[in-house]
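Accompanying notes for the structure given below.
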2 protein chains.
Amino acid sequence: MNIALFRNLFREKKLSLSHPRLLTYQELSNAVSPLSSLELYQNLLKKSKKIGLTSIYRSLGLFESLGIVFKITNGSSVKYKLCELENHHHHIICKACGNVVELNFCDISDWSKKVTEVTGYQVVDHQLNFFGFCKACIPLQRSQSAER
Amino acid sequence: MNIALFRNLFREKKLSLSHPRLLTYQELSNAVSPLSSLELYQNLLKKSKKIGLTSIYRSLGLFESLGIVFKITNGSSVKYKLCELENHHHHIICKACGNVVELNFCDISDWSKKVTEVTGYQVVDHQLNFFGFCKACIPLQRSQSAER
DNA sequence: CTGTATGCAAAGCATTTGCATAATA
DNA sequence: TATTATGCAAATGCTTTGCATACAG
(Lines give C-alpha, C1' and ligand atoms only; values in the text may rest on other atoms or scores of the structure.)
Protein backbone atom coordinates (compact mmCIF):
# COMPACT_ATOMS: atom_id res chain seq x y z
CA MET A 1 0.00 0.00 0.00
CA ASN A 2 1.52 3.31 -1.04
CA ILE A 3 1.58 6.52 0.94
CA ALA A 4 -1.33 8.13 -0.91
CA LEU A 5 -3.65 5.22 -0.26
CA PHE A 6 -2.41 5.08 3.29
CA ARG A 7 -3.31 8.71 3.89
CA ASN A 8 -6.67 8.28 2.22
CA LEU A 9 -7.50 5.30 4.37
CA PHE A 10 -6.77 7.26 7.52
CA ARG A 11 -8.85 10.17 6.34
CA GLU A 12 -11.77 7.92 5.44
CA LYS A 13 -11.69 6.10 8.75
CA LYS A 14 -11.22 9.35 10.64
CA LEU A 15 -8.08 8.05 12.31
CA SER A 16 -5.42 10.49 13.29
CA LEU A 17 -2.25 10.28 11.28
CA SER A 18 0.18 10.93 14.08
CA HIS A 19 3.93 11.15 13.83
CA PRO A 20 4.63 7.69 15.31
CA ARG A 21 2.10 6.09 12.96
CA LEU A 22 3.61 7.75 9.95
CA LEU A 23 7.16 6.86 11.02
CA THR A 24 6.17 3.25 11.52
CA TYR A 25 4.54 3.15 8.12
CA GLN A 26 7.55 4.74 6.43
CA GLU A 27 10.04 2.43 8.05
CA LEU A 28 8.04 -0.60 6.95
CA SER A 29 7.74 0.93 3.55
CA ASN A 30 11.53 1.24 3.19
CA ALA A 31 12.19 -2.26 4.48
CA VAL A 32 13.39 -4.93 2.07
CA SER A 33 12.40 -7.80 4.36
CA PRO A 34 9.99 -8.19 7.28
CA LEU A 35 10.97 -6.44 10.51
CA SER A 36 10.28 -7.08 14.19
CA SER A 37 8.87 -4.37 16.42
CA LEU A 38 12.29 -3.96 18.02
CA GLU A 39 14.09 -3.67 14.68
CA LEU A 40 11.61 -1.04 13.63
CA TYR A 41 12.25 0.84 16.87
CA GLN A 42 16.02 0.65 16.60
CA ASN A 43 16.05 1.64 12.93
CA LEU A 44 14.05 4.74 13.74
CA LEU A 45 16.27 5.63 16.70
CA LYS A 46 19.33 5.33 14.46
CA LYS A 47 17.74 7.84 12.16
CA SER A 48 17.24 10.10 15.19
CA LYS A 49 13.48 9.80 15.03
CA LYS A 50 11.77 10.26 18.36
CA ILE A 51 9.40 7.36 18.99
CA GLY A 52 8.50 4.92 21.75
CA LEU A 53 8.45 1.14 21.40
CA THR A 54 4.93 1.16 22.79
CA SER A 55 3.68 3.31 19.96
CA ILE A 56 5.21 0.97 17.45
CA TYR A 57 3.30 -1.91 18.98
CA ARG A 58 0.13 0.14 18.92
CA SER A 59 0.66 1.27 15.35
CA LEU A 60 1.39 -2.24 14.18
CA GLY A 61 -1.74 -3.51 15.90
CA LEU A 62 -3.80 -0.83 14.24
CA PHE A 63 -2.24 -1.44 10.83
CA GLU A 64 -2.84 -5.12 11.15
CA SER A 65 -6.51 -4.62 11.97
CA LEU A 66 -6.78 -2.35 8.93
CA GLY A 67 -5.17 -4.97 6.71
CA ILE A 68 -2.25 -2.68 5.91
CA VAL A 69 0.30 -4.93 7.51
CA PHE A 70 0.89 -8.65 7.65
CA LYS A 71 2.11 -10.24 10.88
CA ILE A 72 4.42 -13.17 10.26
CA THR A 73 4.58 -15.51 13.22
CA ASN A 74 7.25 -17.96 12.33
CA GLY A 75 8.13 -20.15 15.29
CA SER A 76 9.06 -17.78 18.09
CA SER A 77 9.88 -14.74 15.96
CA VAL A 78 7.26 -12.19 15.03
CA LYS A 79 7.84 -9.86 12.10
CA TYR A 80 5.76 -7.42 10.14
CA LYS A 81 5.65 -6.39 6.52
CA LEU A 82 3.55 -3.97 4.53
CA CYS A 83 0.95 -5.59 2.31
CA GLU A 84 1.58 -4.51 -1.23
CA LEU A 85 -1.53 -6.10 -2.64
CA GLU A 86 -4.72 -4.32 -1.80
CA ASN A 87 -7.01 -7.30 -2.20
CA HIS A 88 -7.17 -10.28 0.06
CA HIS A 89 -4.17 -12.57 -0.34
CA HIS A 90 -1.88 -15.11 1.26
CA HIS A 91 1.83 -15.66 1.70
CA ILE A 92 4.63 -18.07 1.22
CA ILE A 93 7.39 -17.87 3.80
CA CYS A 94 10.90 -19.25 3.41
CA LYS A 95 11.74 -21.51 6.35
CA ALA A 96 15.43 -20.75 5.98
CA CYS A 97 15.79 -17.01 5.39
CA GLY A 98 12.32 -15.77 6.31
CA ASN A 99 11.65 -13.99 3.04
CA VAL A 100 8.02 -13.57 2.18
CA VAL A 101 6.26 -13.46 -1.16
CA GLU A 102 2.66 -12.42 -1.56
CA LEU A 103 0.33 -14.64 -3.54
CA ASN A 104 -2.27 -12.80 -5.53
CA PHE A 105 -4.81 -15.55 -5.69
CA CYS A 106 -7.26 -17.04 -3.25
CA ASP A 107 -9.94 -19.50 -4.29
CA ILE A 108 -10.93 -20.31 -0.79
CA SER A 109 -14.45 -18.94 -0.82
CA ASP A 110 -15.80 -22.28 -2.07
CA TRP A 111 -14.19 -23.90 0.94
CA SER A 112 -15.89 -21.55 3.33
CA LYS A 113 -19.24 -22.76 2.06
CA LYS A 114 -18.13 -26.32 2.50
CA VAL A 115 -16.93 -25.64 6.02
CA THR A 116 -20.28 -24.12 6.89
CA GLU A 117 -22.15 -27.08 5.46
CA VAL A 118 -20.08 -29.57 7.38
CA THR A 119 -19.75 -27.82 10.73
CA GLY A 120 -22.56 -25.29 10.97
CA TYR A 121 -20.01 -22.60 11.75
CA GLN A 122 -20.49 -19.21 10.15
CA VAL A 123 -17.11 -18.57 8.53
CA VAL A 124 -15.94 -14.97 8.74
CA ASP A 125 -12.22 -15.24 8.16
CA HIS A 126 -9.38 -17.54 7.35
CA GLN A 127 -5.66 -17.64 7.50
CA LEU A 128 -3.45 -19.49 5.07
CA ASN A 129 0.32 -19.57 4.96
CA PHE A 130 2.61 -21.69 2.91
CA PHE A 131 6.05 -22.58 4.16
CA GLY A 132 8.95 -23.74 2.07
CA PHE A 133 12.30 -22.74 0.71
CA CYS A 134 13.04 -19.94 -1.70
CA LYS A 135 15.32 -20.61 -4.65
CA ALA A 136 18.39 -19.40 -2.80
CA CYS A 137 17.68 -21.55 0.24
CA ILE A 138 16.69 -24.82 -1.38
CA PRO A 139 20.27 -26.11 -0.99
CA LEU A 140 20.05 -25.38 2.75
CA GLN A 141 16.90 -27.39 3.18
CA ARG A 142 18.48 -30.37 4.86
CA SER A 143 20.42 -28.45 7.47
CA GLN A 144 17.57 -26.07 8.30
CA SER A 145 14.64 -28.41 8.37
CA ALA A 146 14.63 -28.93 12.14
CA GLU A 147 14.68 -25.23 12.96
CA ARG A 148 12.09 -22.60 13.61
CA MET B 1 0.93 -41.34 15.47
CA ASN B 2 -0.16 -44.21 17.64
CA ILE B 3 1.49 -45.42 20.81
CA ALA B 4 3.28 -48.34 19.18
CA LEU B 5 4.93 -46.14 16.58
CA PHE B 6 5.72 -43.62 19.28
CA ARG B 7 7.52 -46.20 21.40
CA ASN B 8 9.38 -47.53 18.39
CA LEU B 9 10.58 -44.09 17.45
CA PHE B 10 11.98 -43.49 20.92
CA ARG B 11 13.71 -46.84 20.93
CA GLU B 12 15.22 -46.21 17.49
CA LYS B 13 16.47 -42.77 18.41
CA LYS B 14 17.73 -44.02 21.78
CA LEU B 15 15.70 -41.41 23.61
CA SER B 16 14.49 -42.18 27.06
CA LEU B 17 10.78 -42.64 27.34
CA SER B 18 10.30 -40.95 30.68
CA HIS B 19 7.09 -40.58 32.59
CA PRO B 20 6.54 -36.90 31.70
CA ARG B 21 7.11 -37.57 28.03
CA LEU B 22 4.67 -40.42 28.02
CA LEU B 23 2.06 -38.43 29.93
CA THR B 24 2.39 -35.53 27.52
CA TYR B 25 2.00 -37.87 24.59
CA GLN B 26 -1.05 -39.56 26.11
CA GLU B 27 -2.77 -36.33 26.95
CA LEU B 28 -2.29 -35.06 23.42
CA SER B 29 -3.46 -38.39 22.17
CA ASN B 30 -6.72 -38.15 24.12
CA ALA B 31 -7.36 -34.55 23.12
CA VAL B 32 -10.18 -33.76 20.74
CA SER B 33 -8.78 -30.35 19.86
CA PRO B 34 -5.35 -28.71 20.04
CA LEU B 35 -4.12 -27.85 23.53
CA SER B 36 -1.79 -25.24 24.96
CA SER B 37 1.10 -26.19 27.22
CA LEU B 38 -0.85 -24.87 30.19
CA GLU B 39 -4.00 -26.80 29.32
CA LEU B 40 -1.94 -29.93 29.00
CA TYR B 41 -0.43 -29.26 32.42
CA GLN B 42 -3.75 -28.56 34.08
CA ASN B 43 -5.45 -31.55 32.51
CA LEU B 44 -2.73 -33.82 33.84
CA LEU B 45 -2.89 -32.27 37.30
CA LYS B 46 -6.64 -32.86 37.37
CA LYS B 47 -5.97 -36.49 36.67
CA SER B 48 -3.54 -36.45 39.62
CA LYS B 49 -0.55 -37.01 37.40
CA LYS B 50 2.67 -35.65 38.79
CA ILE B 51 4.39 -33.49 36.18
CA GLY B 52 6.03 -30.08 35.87
CA LEU B 53 5.10 -27.44 33.33
CA THR B 54 8.75 -27.22 32.35
CA SER B 55 8.80 -30.85 31.33
CA ILE B 56 5.75 -30.32 29.19
CA TYR B 57 7.52 -27.53 27.37
CA ARG B 58 10.56 -29.71 26.95
CA SER B 59 8.55 -32.68 25.77
CA LEU B 60 6.61 -30.59 23.29
CA GLY B 61 9.84 -29.15 21.94
CA LEU B 62 11.27 -32.61 21.52
CA PHE B 63 8.10 -33.96 19.92
CA GLU B 64 8.00 -31.08 17.53
CA SER B 65 11.58 -31.61 16.46
CA LEU B 66 10.76 -35.27 15.89
CA GLY B 67 7.73 -34.34 13.81
CA ILE B 68 5.36 -36.04 16.22
CA VAL B 69 3.54 -32.87 17.10
CA PHE B 70 2.27 -29.86 15.16
CA LYS B 71 2.54 -26.42 16.75
CA ILE B 72 -0.36 -24.13 15.87
CA THR B 73 0.57 -20.50 16.31
CA ASN B 74 -2.59 -18.51 16.00
CA GLY B 75 -2.06 -14.84 16.72
CA SER B 76 -0.95 -14.82 20.32
CA SER B 77 -2.09 -18.31 21.30
CA VAL B 78 0.08 -21.37 20.81
CA LYS B 79 -1.43 -24.83 20.76
CA TYR B 80 -0.21 -28.30 19.99
CA LYS B 81 -1.74 -31.31 18.40
CA LEU B 82 -0.49 -34.77 17.58
CA CYS B 83 0.28 -35.28 13.93
CA GLU B 84 -1.96 -37.90 12.49
CA LEU B 85 0.13 -38.80 9.51
CA GLU B 86 -2.71 -40.67 7.87
CA ASN B 87 -5.02 -37.70 7.48
CA HIS B 88 -3.79 -34.20 7.08
CA HIS B 89 -6.48 -31.68 7.99
CA HIS B 90 -7.33 -28.16 9.08
CA HIS B 91 -9.43 -26.44 11.69
CA ILE B 92 -12.27 -24.04 12.15
CA ILE B 93 -12.05 -22.01 15.32
CA CYS B 94 -14.93 -20.15 16.93
CA LYS B 95 -13.99 -16.53 17.52
CA ALA B 96 -16.37 -16.29 20.43
CA CYS B 97 -15.95 -19.46 22.48
CA GLY B 98 -12.75 -20.89 21.01
CA ASN B 99 -14.19 -24.26 20.11
CA VAL B 100 -12.33 -26.07 17.41
CA VAL B 101 -13.66 -28.48 14.85
CA GLU B 102 -11.37 -30.53 12.66
CA LEU B 103 -12.05 -30.54 8.95
CA ASN B 104 -11.33 -33.81 7.27
CA PHE B 105 -10.65 -32.43 3.84
CA CYS B 106 -7.78 -30.58 2.24
CA ASP B 107 -7.52 -29.97 -1.48
CA ILE B 108 -4.60 -27.66 -1.16
CA SER B 109 -2.01 -29.75 -2.94
CA ASP B 110 -2.99 -28.18 -6.27
CA TRP B 111 -2.28 -24.81 -4.74
CA SER B 112 1.18 -25.84 -3.66
CA LYS B 113 2.04 -26.55 -7.28
CA LYS B 114 0.68 -23.19 -8.28
CA VAL B 115 2.67 -21.45 -5.56
CA THR B 116 5.83 -23.14 -6.77
CA GLU B 117 5.15 -22.14 -10.35
CA VAL B 118 4.53 -18.54 -9.45
CA THR B 119 7.24 -17.96 -6.84
CA GLY B 120 9.90 -20.62 -7.37
CA TYR B 121 9.60 -21.59 -3.71
CA GLN B 122 9.71 -25.26 -2.84
CA VAL B 123 6.60 -25.69 -0.72
CA VAL B 124 7.02 -28.04 2.21
CA ASP B 125 4.18 -27.11 4.50
CA HIS B 126 1.12 -24.97 4.92
CA GLN B 127 -1.15 -23.81 7.63
CA LEU B 128 -4.83 -23.07 7.16
CA ASN B 129 -7.32 -22.03 9.76
CA PHE B 130 -10.86 -20.83 9.38
CA PHE B 131 -12.39 -18.46 11.87
CA GLY B 132 -16.04 -17.89 12.47
CA PHE B 133 -18.83 -18.49 14.91
CA CYS B 134 -20.24 -21.80 16.00
CA LYS B 135 -23.99 -22.24 16.05
CA ALA B 136 -24.25 -21.27 19.69
CA CYS B 137 -22.19 -18.13 19.24
CA ILE B 138 -23.66 -16.75 16.02
CA PRO B 139 -25.90 -14.39 18.03
CA LEU B 140 -22.78 -12.97 19.69
CA GLN B 141 -21.11 -12.15 16.43
CA ARG B 142 -21.59 -8.42 16.52
CA SER B 143 -20.19 -7.88 19.97
CA GLN B 144 -17.20 -10.16 19.49
CA SER B 145 -16.10 -9.30 15.99
CA ALA B 146 -13.32 -6.92 16.99
CA GLU B 147 -11.45 -9.48 19.06
CA ARG B 148 -8.24 -11.41 18.56
C1' DC C 1 -10.53 23.18 22.17
C1' DT C 2 -11.63 18.32 22.87
C1' DG C 3 -10.84 13.90 22.21
C1' DT C 4 -7.30 10.81 20.94
C1' DA C 5 -2.47 9.17 20.91
C1' DT C 6 1.92 9.14 23.16
C1' DG C 7 5.67 7.63 26.13
C1' DC C 8 7.46 6.17 30.19
C1' DA C 9 7.55 2.88 33.86
C1' DA C 10 5.57 -0.95 35.69
C1' DA C 11 2.89 -5.09 35.20
C1' DG C 12 1.87 -9.41 32.83
C1' DC C 13 2.72 -13.73 30.76
C1' DA C 14 4.49 -17.44 28.30
C1' DT C 15 8.66 -19.63 27.88
C1' DT C 16 13.48 -20.73 29.14
C1' DT C 17 17.41 -21.62 32.19
C1' DG C 18 20.37 -23.03 36.33
C1' DC C 19 21.00 -26.45 39.28
C1' DA C 20 20.42 -30.03 42.65
C1' DT C 21 17.70 -34.27 42.70
C1' DA C 22 15.63 -38.25 40.67
C1' DA C 23 14.60 -41.48 37.20
C1' DT C 24 15.96 -44.21 33.12
C1' DA C 25 18.40 -47.70 30.45
C1' DT D 1 25.98 -47.08 37.71
C1' DA D 2 26.30 -43.47 34.35
C1' DT D 3 23.63 -40.71 31.75
C1' DT D 4 19.90 -38.11 30.95
C1' DA D 5 15.57 -35.87 32.37
C1' DT D 6 13.01 -33.61 35.96
C1' DG D 7 11.08 -29.92 38.72
C1' DC D 8 11.32 -25.95 41.19
C1' DA D 9 12.44 -21.09 41.36
C1' DA D 10 14.31 -17.42 39.21
C1' DA D 11 15.36 -15.10 35.01
C1' DT D 12 14.23 -13.63 30.47
C1' DG D 13 12.04 -11.22 26.86
C1' DC D 14 8.21 -9.72 24.38
C1' DT D 15 4.02 -7.35 24.77
C1' DT D 16 0.41 -4.77 27.21
C1' DT D 17 -1.43 -1.36 30.57
C1' DG D 18 -2.03 2.82 33.63
C1' DC D 19 -1.74 7.34 33.61
C1' DA D 20 -0.26 12.07 33.11
C1' DT D 21 1.24 14.85 29.15
C1' DA D 22 1.26 16.21 24.36
C1' DC D 23 -0.61 16.31 19.94
C1' DA D 24 -4.01 16.21 15.89
C1' DG D 25 -7.95 17.73 13.81
Side-chain angles (χ1 to χ4, degrees), chain A residues 3 6-27 34-45 47-66 68-69 71-80 98 147-148, chain B residues 6-27 34-45 47-66 68-69 71-80 98 146-148:
Chain A
I3 184 71
F6 179 76
R7 286 181 185 280
N8 277 343
L9 184 65
F10 271 67
R11 205 171 303 131
E12 275 172 29
K13 301 255 178 186
K14 298 196 197 309
L15 291 164
S16 95
L17 219 172
S18 64
H19 219 208
R21 286 177 181 172
L22 196 54
L23 285 174
T24 302
Y25 167 82
Q26 288 172 336
E27 194 57 34
L35 297 174
S36 68
S37 37
L38 190 63
E39 288 167 337
L40 236 18
Y41 177 63
Q42 292 172 331
N43 288 357
L44 286 168
L45 285 196
K47 296 177 183 173
S48 314
K49 306 293 185 182
K50 195 183 167 303
I51 196 170
L53 222 201
T54 306
S55 299
I56 291 180
Y57 276 107
R58 288 194 270 227
S59 297
L60 290 171
L62 176 64
F63 293 177
E64 200 194 350
S65 73
L66 292 170
I68 295 172
V69 139
K71 182 179 181 179
I72 304 162
T73 310
N74 186 23
S76 52
S77 86
V78 177
K79 304 215 170 189
Y80 299 84
E147 276 191 24
R148 258 190 170 167
Chain B
F6 178 76
R7 286 181 184 280
N8 277 344
L9 184 64
F10 271 67
R11 206 170 303 131
E12 276 172 29
K13 301 255 179 185
K14 299 196 196 311
L15 291 165
S16 94
L17 219 173
S18 65
H19 219 209
R21 287 177 181 172
L22 197 53
L23 285 173
T24 302
Y25 167 83
Q26 289 171 337
E27 194 57 34
L35 296 174
S36 67
S37 37
L38 190 63
E39 287 167 339
L40 236 16
Y41 177 63
Q42 292 171 332
N43 288 357
L44 286 168
L45 285 195
K47 295 178 184 172
S48 314
K49 306 293 186 182
K50 194 182 169 303
I51 196 170
L53 223 202
T54 306
S55 298
I56 290 180
Y57 277 106
R58 288 193 270 226
S59 297
L60 290 172
L62 176 64
F63 293 176
E64 202 195 349
S65 72
L66 292 170
I68 295 171
V69 140
K71 182 178 182 178
I72 304 165
T73 309
N74 177 33
S76 53
S77 86
V78 176
K79 304 214 170 190
Y80 299 84
E147 274 189 25
R148 266 239 171 88

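Residue numbers start from 1 in every chain, and the chains themselves are labelled A, B, ... in the order their sequence lines are given, proteins ahead of strands. Heavy atoms only: backbone and side chains are in, while hydrogens, waters and symmetry mates are out.
- With values rounded to the nearest 0.5 angstrom, B:Lys79 atom NZ is found 8.5 Å from B:Ile72 atom CD1.
- Separating the CZ atom of B:Arg7 from the P atom of C:dT24 is a distance of 12 Å, rounded to the nearest angstrom.
- Atom NZ of A:Lys50 is separated from atom CG of A:Leu44 by 12.5 Å, given to the nearest 0.5 angstrom.
- The nearest whole Å value for the distance from the CZ atom in B:Phe10 to the P atom in D:dT3 is 21 Å.
- In this entry the distance linking CG of B:Leu60 with P of C:dA14 reads 15 Å, nearest Å.
- Minimum interatomic distance between B:Ile51 and B:Leu45 (heavy atoms only, all atoms of both residues): O-CD2, 4.3 Å.
- Between the side chain of B:Ser59 and the backbone N or O of B:Ser55 there is at least one donor-acceptor pair closer than 3.5 Å.
- A:Glu27 has no carboxylate O lying under 4.0 Å from a charged side-chain N of A:Lys49, or vice versa, which leaves the two without a salt bridge.
- Residue A:Tyr41 comes nearest to A:Gly52 through the heavy atom pair CE1-C, 3.9 Å, listed as atom of the first residue, atom of the second, then distance.
- Comparing atom distances between the B:Arg58 side chain and each of C:dA5, C:dC8, D:dG7 picks out D:dG7 as nearest.
- Taking the six-membered ring for Trp and thresholds of 30 and 60 degrees, A:Phe63 and A:Phe10 have ring planes more than 60 degrees apart, a perpendicular arrangement.
- Applying the 4.0 Å criterion to OP1 and OP2 of D:dA5, one finds that B:Ser55 has every side-chain N and O outside that range.
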Give me, pair by pair, the N or O atoms of the protein and of nucleotides 20-25 of chain D that are less than 3.5 Å apart, along with how far apart they are.
residue	atom	partner	partner atom	Å
D:dG25	OP1	A:Leu17	N	3.3

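- Between B:Arg21 atom CZ and D:dG7 atom P the separation is 11 Å, expressed in whole Å.
- Of all non-hydrogen atoms in A:Arg7 and A:Leu22, the two that sit nearest each other are NH2-CD2, 3.9 Å.
- Look at NZ on A:Lys14: it is 16 Å from C1' on C:dT2, rounded to the nearest Å.
- Atoms OH (A:Tyr41) and P (C:dT6) sit 14 Å apart, rounded to a whole Å.
- A close approach under 4.0 Å does not occur between any side-chain nitrogen or oxygen of A:Thr54 and OP1 or OP2 of C:dG7.
- As a whole-Å value, the separation of B:Lys79 NZ from C:dA14 C1' is 14 Å.
- A donor-acceptor pair under 3.5 Å is formed between the side chain of A:Glu39 and the backbone N or O of A:Ser36.
- Distance alone, capped at 3.5 Å, places no donor-acceptor pair between the B:Tyr80 side chain and the B:Leu60 backbone.
- Comparing the local axis fitted to the first five base pairs of the helix from C:dC1-D:dG25 to C:dA25-D:dT1 with the one fitted to its last five gives a bend of 50°, rounded to 10°.
- Rounded to an integer number of Å, the gap from A:Lys49 NZ to C:dT6 P is 16 Å.
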Pull out every protein N or O sitting under 3.5 Å from an N or O of nucleotides 12-15 of chain D, one pair per line with the distance.
residue	atom	partner	partner atom	Å
D:dT15	OP2	A:Ser37	OG	3.0
D:dT15	OP2	A:Tyr57	OH	2.3
D:dT15	O5'	A:Tyr57	OH	3.3

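- Residue A:Ile56 comes nearest to A:Thr24 through the heavy atom pair CG1-OG1, 4.0 Å, listed as atom of the first residue, atom of the second, then distance.
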